[in-house]
Amino acid sequence: MSWFSSLLLTLFIVSLVSAQARAALRIYDASSTYRYAGCWNETTGIAGSSGARALAGGISQDFPLNGPMTVETCLDLCAHGQGAPYRLAGVEYSRQCWCANRLSSLSARLPDAACDLPCDGDRTLACGGSLKLGLYNLTESGKNGAVRAGGVGSAAVAMGVVVAGVVMMVGL
Ligand SMILES: *[C@@H]1O[C@H](CO)[C@@H](O)[C@H](O)[C@H]1NC(C)=O
Ligand SMILES: *[C@@H]1O[C@H](CO)[C@@H](O)[C@H](O)[C@H]1NC(C)=O
């Protein structure tokens, strides 16, 4: 084999292996709180966005490099924002989590495969891409989960009243 055909063969094998590694990324969609809603473009670099993020007006967190970030970590964060869950959660760049109630109209949906970076906390899962968001949308049961959490709160209050009543009776 000439050096040239060895080079071609090597390049071919390298591209096969890296394609395989990319294809191995799974899209997490096992939450009942949020459902996967596609891969979406960040808007910071887009003309007319004034540098605003696709998911703005909510909260975000940057997890440490090679830290615990998975899709679930992000969904958990967004589900517990300021009393009510945020409607949208986005994973980006392996370790960023964005929570907001609306998506910028400047953001475009991309093919799922464009979100090609693994989560730092689980390298089998896709966690967005470079300036690309793996987007998750709050489900009905996610909204009801917030209602249920309120229900637990009132159950606890009711229990407190009962306990106080018993204490008073015993005292009497
Ligand atoms: C999120 O889900 C709602 C319906 O529950 C739908 O109207 C909306 O378009 C979805 N948003 C995205 C970004 O997929
Ligand atoms: C995605 O955003 C980049 C800027 O970060 C922009 O150059 C590109 O055109 C956008 N792609 C789409 C499909 O909107």
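Ligands are counted one by one from 1 in listed order, and the atoms in each one are counted from 1 as well.
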Practice task
Only counting residues at least two apart or in another chain, list the ones meeting salt bridge (Lys or Arg N to Asp or Glu O under 4.0 Å) with D120.
Solution key: R95, R123

Completion exercise
The answer, listing residues by chain and number that come under 4.0 Å of ligand 1 through any heavy atom, is A37, L135, N137

Practice task
Before accepting this row, confirm whether a basic side-chain N of the pair E42/K132 lies closer than 4.0 Å to the acidic partner's carboxylate O.
Solution key: no

Exercise for the section: Decide, yes or no, whether a salt bridge links E92 with R53 under the criterion of side-chain N to carboxylate O below 4.0 Å. Expected result: yes

Handout entry: Polar side chain donor-acceptor pair, S104 to S107, under 3.5 angstrom
Key = no

Exercise for the section: Show which residues join V71 in its hydrophobic cluster (side-chain heavy-atom contacts under 4.5 Å, direct or indirect), or state none. Expected result: I27, Y28, Y34, Y36, I59, F63, M69, L75, L77, Y86, V91, L125, Y136, L138

Problem - Whichever hydrophobic residues join L117 through chains of side-chain contacts under 4.5 Å - result: Y93

List ligand 2 atoms under 4.0 Å from [X], heavy atoms only on the residue side.
X	result
N41	1 (C), 2 (O), 3 (C), 8 (C), 10 (C), 11 (N), 12 (C), 14 (O)
A108	14 (O)
L110	13 (C)

Exercise for the section: Answer yes or no for C97 and C78: SG-SG distance under 2.5 Å. Expected result: no

